[in-house]
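Working notes, beginning with the structure itself.
Remember, it's 1-based here, ligands and their atoms both numbered in the order they're listed. Positions are given from 1 along the sequence. Nothing here was measured: the structure is a model prediction, and the numbers come from that model.
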Amino acid sequence: MPTATLPSEMDALVLTGPGAFELRKVPVPEPGPMEILCRVHSIAIDTGTDSKMIAGVFRDAWGWPPYYPITIGHEWAGEVIAPGDGVFDFQPGDRICAASHKGCGHCRNCAIGRYTLCLNYGNEDRGHKQYGHCSAGAYSEYFSISVKSVYPIPGSLSYDEASLVDPAGIALHSAKRAKVGPGDTVVIFGPGGIGLLSLQCAAAMGAGRVIVVGRGERLKKAAEFGAETVIETAGKPESCKQAVGVVMKGGRICYAGVTLGDVPLPLGEITLNEIDVYGLRANPNTCPEAIALIVKGKIDLKSLITHTFPLTEFATGLETAVERIDGAIRVIIHP
Ligand SMILES: [Zn+2]
């Protein structure tokens, strides 16, 4: 590994406890076997998980983050610096984007391609990682990641856009889970980042009507993407129940947001109307497909990027994203 040109230390965002974080100098990691050391160029603040993990609200339910101090962050893109032992498909200088899941590779679910449901979830000794969740993440200048979790990106895609391939892949997985087909009517609750990407994926898969339910500036963005819009202010968990109310008999519902606690659903209607209910976990194998749709212009990531900040101004970036300051949709950090 060509360490001569690499600094020994780098800037990293370090969570020190619930609601507490600071910028620290930490050692630049070395890539292990089947890992790639990358320079992180762009990393997006995921308000669905990052901001809640920073606040500590996912610790009890999901173990995210599992310990302190830790660096998190998982929606990113960058450049290959040094492939580790056993990596043949990537060279220094290659441009890549990343996904958060690395399956163990040998459990039943990994074997059939459902590696986001790895049966060894959270067990690094058995080869599993979910970067920026139960394992350390990428809010840093350099990051070492499994070759299983990176994808090459074309030159036409900027690093800022490529940092959003991960959520685009999740949105595509949601449209595929719900079996969106030609002419279907699709209703999306919540015009956040995943909602706005899901509407584009539904359209890309041939949906006839796409209706987005929500409020605020983001609903205008949904209209710009060609969706019909309906205003409502209930938010979760009420919208989980409303979905059962609006779906047609025999229809399909996909729950994409990570919720906490018990959410009551009208099981009688689900049963008697033969409604298919799908859960959703990340983006198994859909990032390459999402990249193809982005290149074709079927998914517009540029319009979702409203703000960029250097890593040194992470706190301002986080506040901008969480408080939706100046119509913020996706805020990108540059380490
Ligand atoms: Zn597995």
Side-chain angles (χ1 to χ4, degrees), residues 29-38 40 43 46 48-50 52-53 58-67 70-78 80 83-90 96-138 143-153 163 165-179 194 254-260 276-291:
E30 289 210 12
M34 301 304 289
E35 285 187 343
I36 301 173
L37 177 68
C38 298
V40 179
I43 176 163
D46 174 8
T49 53
D50 288 353
K52 290 169 186 162
M53 285 174 65
F58 285 148
R59 282 211 81 197
D60 289 343
W62 313 117
W64 305 337
Y67 53 82
I70 190 171
T71 292
I72 63 163
H74 62 280
E75 293 183 359
W76 64 275
V80 172
D85 289 345
V87 175
F88 303 109
D89 297 332
F90 292 91
I96 54 99
C97 64
S100 68
H101 283 264
K102 177 219 170 201
C104 76
H106 51 78
C107 75
R108 178 64 184 151
N109 277 348
C110 282
I112 60 173
R114 301 188 77 180
Y115 59 90
T116 63
L117 307 177
C118 178
L119 299 178
N120 287 313
Y121 186 92
N123 192 334
E124 291 194 1
D125 289 341
R126 291 189 174 213
H128 174 274
K129 285 187 178 183
Q130 189 184 6
Y131 296 105
H133 294 74
C134 59
S135 297
F143 191 60
S144 193
I145 184 169
S146 168
V147 70
K148 291 179 187 173
S149 306
V150 296
Y151 303 95
I153 53 170
S163 70
V165 166
D166 178 72
I170 294 171
L172 182 57
H173 185 45
S174 76
K176 291 176 75 168
R177 286 282 285 163
K179 299 183 176 65
I194 292 290
C254 182
Y255 290 109
V258 180
T259 48
L260 282 171
D276 294 332
V277 176
Y278 297 94
L280 182 94
R281 184 136 199 181
N283 43 21
N285 302 306
T286 51
C287 284
E289 299 168 348
I291 290 170

Taking 2.8 Å as the limit, list every protein N, O or S atom around the Zn ion (ligand 1), by chain and residue number.
C104 SG, C107 SG, C110 SG, C118 SG

Please list, chain by chain and in numerical order, all residues satisfying side chain to side chain contact (heavy atoms under 4.5 Å, CB included) with F88, sequence neighbours excluded.
none

For I153, side chain to side chain contact (heavy atoms under 4.5 Å, CB included) partners two or more places apart:
R95, C97, L157, Y159, A162, I291

In short, side chain to side chain donor-acceptor pair (under 3.5 Å) pairs touching residues 97-108 with sequence neighbours left out are S100-Q130, H101-Q130

Return the orientation label for the W76 and F143 ring planes: parallel under 30°, perpendicular over 60°, tilted otherwise.
perpendicular

Could you check, using the six-membered ring where one of them is a Trp, whether H74 and Y131 have ring centers closer than 6.0 angstrom?
no

Does any non-hydrogen side-chain atom of S144 lie less than 4.5 Å from one of E30?
no

